[in-house]
Amino acid sequence: MKRRELVLGLGAVTGAGVVIGVEGWRSPQSPRQQSLALPLPSRDAPPLRKLAAQKNLLYGAATQKRFLASDPIFAKHFKQECGLLTPEVELKWKRLRPTPNDFNFKDGDWLADFAVQYQMAFRGHTLVWHKGFPPWFEGHVNALNARDHLLHHIETVVGHYAGRVHSWDVVNEVVFPIHNRRDGLRENPWLQMLGPDYIEMAFRAAAAADPDALMVYNEVALDFDENDKKRAATLALLQRLKAKNVPIHALGMQGHLRGKTQINPNKLKAFLREVSALGLKILITELDVTDRAFPRAIEQRDRQVAKIYAEYLSVVLQEPAVIALITWGLSDRYIWLKNEQRVDGAPPRPLLLDEQMNRKLAWSAIANNLKATSKRSSPSLTHNSLP
Ligand code: XIL
């Protein structure tokens, strides 16, 4: 049977990677534009974890224990495609801390064991965030005991998983220039109770509790053209931490992309270069593409989602400091974007496999860009027990 292909519009093949042309943007290094077809994915093509490993990269996804434990078909596809697992909720305060004195590692341990069993790297997500607190937090934690609570939490949790974690999102989403502070930080409970030093405090405690894991600062919406202030404030934070010898090893770019092209490739590339120049690695930690702005017709919708994935990856994977690519979910059967429902009520299709676990064009967009990217000099695994 003749292989069916969908043409994604103008694009170019450059030395640095496959570029899919997107309205309003042409690759600066590729004057010779040509039509580029993105093949419909085949069931038999090698999985993303393998394509990534061939380039010393990691591909993985976030998911929850309840999905893997209750759905063997999903679990089968998850372990086929993913070389890394991020717990979507199980390691947040809300889930780990039933009371001020207790830790419940049951679900996190289940996921860590699953990762080990199927040779996946395991991520820690997340220790410091302005969301996901348990109900007892407010009213119990105050300026007097906040330092002890923060350090006790980090030492216990990071210590519990020490040796099994590839990388920890130590601090999540704390840059928020809209709050108008000179340091660009978000007015969150930790800042209010401890002042800005809580950030380095958290990194130092995490690195002491697990010297093998990469310690990551994770941030949202660094990708968008209009977010110059956020990029600048994030860079300034990273510079301050490096200048103080804080043990920070990587920046996590969440990459929750919206349904319209809002990437400025030159700004994005320059930002990644600057991060890399600080001696930091970069992980794409939560990639997904909202299909809210796209037509209901599935073929068209999937094509537009795939275009956004392809455009984004053709830019970020050019940066050699990028060592991992993680999507926030794998299959449209399990999506987190409840607040991004479509007006037409159609089930959203933001991920790489459809609800029946068939590979979508978004899968091809990732596969093609992994094939086209240059090989990293060494695998990013930091712990001895990982393959
Ligand atoms: C989200 C989860 O996907 C949801 O299931 C949960 O209810 C709320 O948190 N940025 C992050 C993630 O760093 O932790 C968030 O995860 C998504 C946005």
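Indexing begins at 1, ligand by ligand and atom by atom, following the structure's order. All values below were derived from every heavy atom in this structure, side-chain atoms included, with hydrogens, water molecules and symmetry-related copies excluded.
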Item checked: Under-4.0 Å salt bridge between Arg231 and Glu274 ->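 Here Arg231 does not pair with Glu274 in a salt bridge, since their nearest N and O are not under 4.0 Å apart.
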
Practice item. Could you tell me whether Arg303 and Glu299 make a salt bridge, using a distance below 4.0 angstrom between a side-chain N and a carboxylate O? Key: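 Yes, Arg303 and Glu299 are salt-bridged.
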
- Query: So, is Trp129 polar-close to ligand 1, with some N/O to N/O distance under 3.5 Å?
  - Reply: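 In this structure, Trp129 places no N or O atom under 3.5 Å from an N or O of ligand 1.
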
Got an N/O contact under 3.5 Å between Asn218 and ligand 1?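 Among all N and O atoms of Asn218, none is under 3.5 Å from an N or O of ligand 1.
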
Practice task
Give the numbers and elements of all ligand 1 atoms closer than 4.0 Å to a heavy atom of Glu88.
Solution key: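 It comes down to these atoms of ligand 1: 2 (C), 3 (O), 4 (C), 5 (O).
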
Review point. Which atoms of ligand 1 are found less than 4.0 Å from any heavy atom of Glu286?
Key: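 Ligand 1 atoms under the 4.0 Å threshold to Glu286: 10 (N), 11 (C), 12 (C), 13 (O), 17 (C), 18 (C).
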
Relative to ligand 1, is Val89 under 4.0 angstrom through side chain, backbone, both or neither, heavy atoms considered?
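Just the side chain.
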
- request: Give the contacting part of Asn172 toward ligand 1: side chain, backbone, both or neither, where contact means a heavy-atom distance below 4.0 Å.
  value: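 Under 4.0 Å from ligand 1, Asn172 contributes side-chain atoms alone.
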
Gap between atom CG of Leu251 and atom CD of Glu219 - 0.5 Å precision: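 The distance works out to 8.5 Å.
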
task: Ignoring hydrogens and angles, tell me if any N or O in the side chain of Thr290 forms a donor-acceptor pair with the backbone of Arg292 under 3.5 Å.
output: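 No.
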
- Quick one: do the Gln254 and Asn172 side chains pair a donor with an acceptor below 3.5 Å?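 Side-chain D/A pair, Gln254 to Asn172: present.
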
Do you see a donor-acceptor pair shorter than 3.5 Å between the side chains of Glu81 and Trp363?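 The criterion, which ignores hydrogens and geometry beyond distance, is satisfied for Trp363 and Glu81.
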
Note to self: Taking a cutoff of less than 4.0 Å between a non-hydrogen atom of the residue and any ligand atom, is His125 in contact with ligand 1?
What the structure shows: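 Yes, His125 has heavy atoms under 4.0 Å from ligand 1.
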
Would Val220 count as a contact residue for ligand 1, given that I'm defining contact as a non-hydrogen atom of the residue lying under 4.0 Å from a ligand atom?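 No, that is not the case, since the closest heavy atom of the residue is not under 4.0 Å from the ligand.
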
- Query: Taking the six-membered ring where the residue is Trp, are the ring centres of His149 and Trp93 under 6.0 Å apart?
  - Reply: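 Ring-ring flag for His149/Trp93: false, centres at least 6.0 Å apart.
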
**Study point:** The one among Lys131, Lys92, Gln254 that brings a heavy atom closest to atom 9 (O) of ligand 1
**Key:**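 When every heavy atom of Lys131, Lys92, Gln254 is considered, Lys92 comes closest to atom 9 (O) of ligand 1.
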
